[in-house]
K.L.:
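After the structure tokens below, expect a handful of questions from me.
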Amino acid sequence: MTEKDSKEIENTENQVNEEEDKVIKLSRKEEKEKAEQIKQQNAELIPGHFWCLVEIKWYESWEKYVEQDDLLEEKDLKFPKPGKIDNSSLMVNGRVKRTLVTGEHFLLVHLALWEFFHSIYGGEPTIKRKVLELGKNKEKLIVVHQKVLYLYSKQNGQVKKRATIRLVVNCTIKDIHDLIERSFKIKNKNKLKLFLLNKDYEKVEELDDPDQTIYESKLEQDDIILWEVEKKKKKKKPKKKSSYNYGYGYSYRSSKPSAKGLTGLSNLGNTCFMNSGLQCLLNTVPLRDVFLKKLWVRDLNTTNPIGMKGELARVFAELVSTYWSGNHSVISPRDVKYVIGRFASQFMGFAQQDSQELISFLLDGLHEDLNRIIDKPYIEDIDGTNCKDLEKLAKQTWYNYKRRNDSYVVDLFQGQLRNRLICPECNTESYKFDPLMYLTVPIPTARDLHLNITVIPYDRSTQPLKEYYIKSRKSDGIDGVLSKLSNYCGIEESTLHLTEIYKEKIYKEFQSLYSMDEVKSVDLFVAYEIPKYDRDEEVEIPIYFTYLKGRTILKFSLPSKIVLPLGKMDADKFKEKVSEKVSQLCPNLKSICEEHSKDETFEIESSEEEVQVRESYWSTKTVKKPLPKETIIELFKQYGFKINEFNPEFQIAITKESSSYKSNTSLLDLEEPVKIKKKMAIEIRFNPNLTKKDPEFIEGFSKVEKHESVTQSGSSKKKSKMGVSLSDCLDAFVEEEKLNKNNKWYCPVCKDHVQAKKKFDIWRLPDILVINLKRFSPGRWYRNKVSTFVNFPTFIDLEKYILGPKDPKGYKYENYAVSNHFGGVGGGHYTAYGKNHTTGNWYGYNDSSVSSISSPDSAKTDAAYVLFYRRIYDEENSENSSENEQQKENQNEKQNEKQNENENENEDMNEEMNEDMNEDMDEEENEN
């Protein structure tokens, strides 16, 4: 690499064209045609040529502009002519932002096209990148970002950061050596060694090839490099080789596993999601054989523009070979992670990701890398409107798909779905057949709500508080819940207001259009009867019930509600309304209070120096003598204490609806008018002596009767807690649904967007069926996780779900692998279970740990996330096939097993899973 090249590649500073802008007057059509001509002439990546970054929003606005009819004048255009190119948003501190992604934030265009744009629109800065030729395969790449690497060294036995470096990808390991030697004045140059570390600062491999470039060594952004100066050591007896580069990556353990395929994958830093997905694919025998038997080589497609130039297929083949060699108990999938990260930036770095998304990306990538179709023909979609011959439509669609997509992944993993839409206005039916790589099935209980709702009538003297059980679909919405509740309690539906209560406080009020996705059956729900009122003149106000215990305000009972007129309200009228409401809640309150309040009087106790004014319900205040009694009481009021003369049972306070009881609370001066406004609340603070002397008072005040629906709901709730079967999930998948208002379908007959009825059906199934249980769903503010247990069978017959022509060989499947997710949304820990082809037994895969499990049933947990099934053609033979294969394989492995008998004591997987989950969640917290 010459100094000149280095400067050209590293130059990210603003470059303004010094020549005067040439004003080119072209029509929109001519401008578009000229740009297309330049694109075609410079479509190929030629080493040494320069390409430039263009801010994507500007480019998209240019595209919209030139697409418009030339006959329109500028003032009539829907999309105006874009202004100057502004690439400033792509830069920070003179460098291209590291977070930018091609196609999302910017596009790369040839220098000739940039100059064409610049001659018409102007703009800055110019950000150029040269096409490089890298690696043994002379791959042509445009590298936008320099590699940011961290240099560490050992000091006093601890690994500490020493420097951050930025290098271009064609720098060599020797360049890093030289940089360290110069910067840190290393004398023993020949003794300097470099090691790649993982996030836990453990050595992954030695970087010992000085001529290897950063690109060839597969170093990623933010990788950690440790440098050590080797010291002279006394000669020791040679040990068994157990360190670096066992053919693939780095092995933490040199011991051989007890059987082929019982190999763990080291965690490279929050990569448990990747290890979980890889273990499932590595235990997919037909896919394994494609790579072990080198069938993939003849199909390698390095020219596919939407593929990974064969790189993913190569590193996956190497992983399969090493994994199934039986030589290593643990290997590192670093090369796979590196290639995936290069082509999908979301998988770069150490952030936790999703195992299902990783599996999907891997299968898509392997398909494109092994696609037998080199030149994909353009094929128009077939119009399936009101189609009568669905079988012919399905065949033609599949034939067209295979003309563009033909690989081992298609052969093994892909089937076909039928998508039907029906217009509710004209009954037009539209059919479309789509390829099926995996089934994402809903968990039915996520659609159902089991709610216990307490109804509080507006006049509680007419009927008691009563709790009802309501089972409702989320799709029914709030109105559906209230309709069923109204039928039970006999209160008009329009007067019922549903709320969620948390810590004796109204936490949420549900409006008619409120999404039910965030409603959970475990929450406490109360429906208030609120008579119809003029919302412009009146307001409904919550009433909370409290009492003092020492200096602490304690809440009890469910809140109530009252409707009052807005504005200033006469104090006596207010007292009357509130007292009436409280007496409804507890009709015998007055008699109880009279009995307990015989000694509750105002007293003044005096001494020579001071006077204590004590109101025996609430508080005591001390003032200095000499003062008349009337003056002391007046002063006492000024201090903020309000003497409640009209009702000895309780006091009234006003507070903000959203505030706590400890702040923003003022006891009322019941001689002044009360200002009634929105977002206020009333606090009824009861005599503490009352609650102390009569503990049953609180219980009686909050007593709720149970409706017969609650007592009869046990079986429904128990079934909900027991979970659902996989068949329930599949039934929900093929169930017809109505499109919501935000996802309407355009009817070609009505010429309008309508809420069509939509239905998926399985037309044909592949030999390897991947089923994704839809545990994660988007909520209003965040993703939710469904933790319902799904009971999936080891063997299942799916023939009843096939809508297309039946295969005489049947549709029986056997489960052989499961990807698990433990913990909550955005973190947690991933593991896998899998059936080993060699032994015929099931094992748990927890990163580098592999342990046996007692039976396939042990793999059935509420953490199951992605299920893998293989098609079997004879159920009886399939049950015995693993035993036959085991006997054949074990004859060859007998000697290995004896040698490794004492070297393969597996730790308990559940304990490790809990430890690793905590570690991963801690790492995720630190990352955030």
K.L.:
Are any of the side-chain heavy atoms of Trp763 and Leu390 separated by less than 4.5 Å?
P.N.:
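A side-chain contact exists here, since the closest heavy-atom pair is under 4.5 Å.
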K.L.:
State, yes or no, whether a side-chain contact exists between Thr271 and Lys337 at a heavy-atom distance under 4.5 Å.
P.N.:
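Of all side-chain heavy-atom pairs linking Lys337 with Thr271, at least one is under 4.5 Å.
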K.L.:
I'd like to know whether His367 forms a side-chain hydrogen bond (donor to acceptor under 3.5 Å, both in side chains) with Ser407, so could you lay out the CA-CA distance, the side-chain angles of the two residues, the decisive distance to 0.1 Å, and finally the verdict.
P.N.:
CA-CA 6 Å; His367 159 63; Ser407 70; 2.7 Å; yes
K.L.:
Of the non-hydrogen atoms in Thr838 and Ala259, which two are nearest, and what is the gap between them?
P.N.:
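That closest heavy-atom pairing would be CG2-CB, 4.3 Å.
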K.L.:
Taking the six-membered ring of Tyr873 (Phe, Tyr or Trp), confirm whether the NZ or CZ of Lys809 is under 6.0 Å from its centre and within 45° of its axis.
P.N.:
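Positive - Lys809 is close enough to the ring of Tyr873 and near enough to its axis.
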K.L.:
For residues Pro442 and Phe733, determine if any side-chain heavy atom of one lies less than 4.5 Å from a side-chain heavy atom of the other.
P.N.:
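Answer yes - side chains close enough.
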K.L.:
How about Asn275 and Gln279: does a side-chain donor come under 3.5 Å of a side-chain acceptor?
P.N.:
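No, Gln279 and Asn275 have no side-chain donor paired with an acceptor closer than 3.5 Å.
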K.L.:
Compare every heavy atom of Ala313 with every heavy atom of Leu366, then report the nearest pair and how far apart it is.
P.N.:
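Reported closest heavy-atom pair: CD2-CA, 3.9 Å.
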K.L.:
Using a distance-only test with no angle check, is there a side-chain donor-acceptor pair under 3.5 angstrom linking Tyr816 and Glu814?
P.N.:
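Note: Tyr816 and Glu814 side chains miss the donor-acceptor criterion.
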K.L.:
Could Arg372 and Tyr408 be counted as a cation-pi pair, given that NZ or CZ must be under 6.0 Å from the ring centre and within 45° of the axis?
P.N.:
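Positive - Arg372 is close enough to the ring of Tyr408 and near enough to its axis.
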K.L.:
Quick check against the 3.5 Å criterion: does Asp434 have a side-chain atom that pairs as donor or acceptor with the backbone of Leu417?
P.N.:
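Not at all, since once roles are kept as given, no pair shorter than 3.5 Å links the two residues.
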K.L.:
Kindly give the heavy-atom pair with the smallest separation between Gln414 and Arg764, and that separation in Å.
P.N.:
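Residues Gln414 and Arg764, closest heavy atoms: O-NH1, 3.8 Å.
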K.L.:
Grab the two heavy atoms, one from Leu765 and one from Tyr813, that are nearest each other, plus how far apart they are.
P.N.:
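For Leu765 and Tyr813, the tightest heavy-atom pair comes out as CB-OH, 3.3 Å.
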K.L.:
Side-chain contact, heavy-atom cut-off 4.5 Å: Arg404 with Ile379?
P.N.:
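A side-chain contact under 4.5 Å exists here.
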K.L.:
I'd like to check Met437 versus Ser360 (side-chain heavy atoms, cut-off strictly below 4.5 Å). Are they in contact?
P.N.:
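Contact flag for Met437/Ser360 side chains = no.
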K.L.:
Quick one: does Ile796's side chain get under 4.5 Å of Leu726's, heavy atoms only?
P.N.:
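They are in contact (side-chain heavy atoms under 4.5 Å apart), so the answer is yes.
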K.L.:
Under the side-chain hydrogen bond (donor to acceptor under 3.5 Å, both in side chains) criterion, do Asp728 and Ser725 qualify, and how do the steps go?
P.N.:
CA-CA 5 Å; Asp728 293 331; Ser725 68; 3.2 Å; yes
K.L.:
For Thr839 and Tyr843, does a side-chain donor sit closer than 3.5 Å to a side-chain acceptor?
P.N.:
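Looking only at side-chain atoms, Tyr843 and Thr839 do form a donor-acceptor pair, the distance falling under 3.5 Å.
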K.L.:
Got Val866 and Ile771 here, is their nearest side-chain heavy-atom distance under 4.5 Å?
P.N.:
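They are not in contact (no side-chain heavy atoms under 4.5 Å apart), so the answer is no.
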K.L.:
Closest heavy-atom contact between Glu799 and Tyr811?
P.N.:
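So the minimum-distance heavy-atom pair works out to N-CB, 3.8 Å.
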K.L.:
How far apart are the closest heavy atoms of Asp807 and Arg871, and which atoms are they?
P.N.:
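That closest heavy-atom pairing would be OD2-NH2, 3.1 Å.
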K.L.:
Once you measure the plane-to-plane angle for Tyr830 and Tyr865, does it fall in the parallel (<30°), tilted (30-60°) or perpendicular (>60°) bin?
P.N.:
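Tyr830 vs Tyr865 ring planes: tilted.
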K.L.:
Can you tell me which residue among Lys758, Lys759, Arg420 is in a salt bridge (Lys or Arg N to Asp or Glu O under 4.0 Å) with Glu736?
P.N.:
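Checked Lys758, Lys759, Arg420 against Glu736; only one passes salt bridge (Lys or Arg N to Asp or Glu O under 4.0 Å): Arg420.
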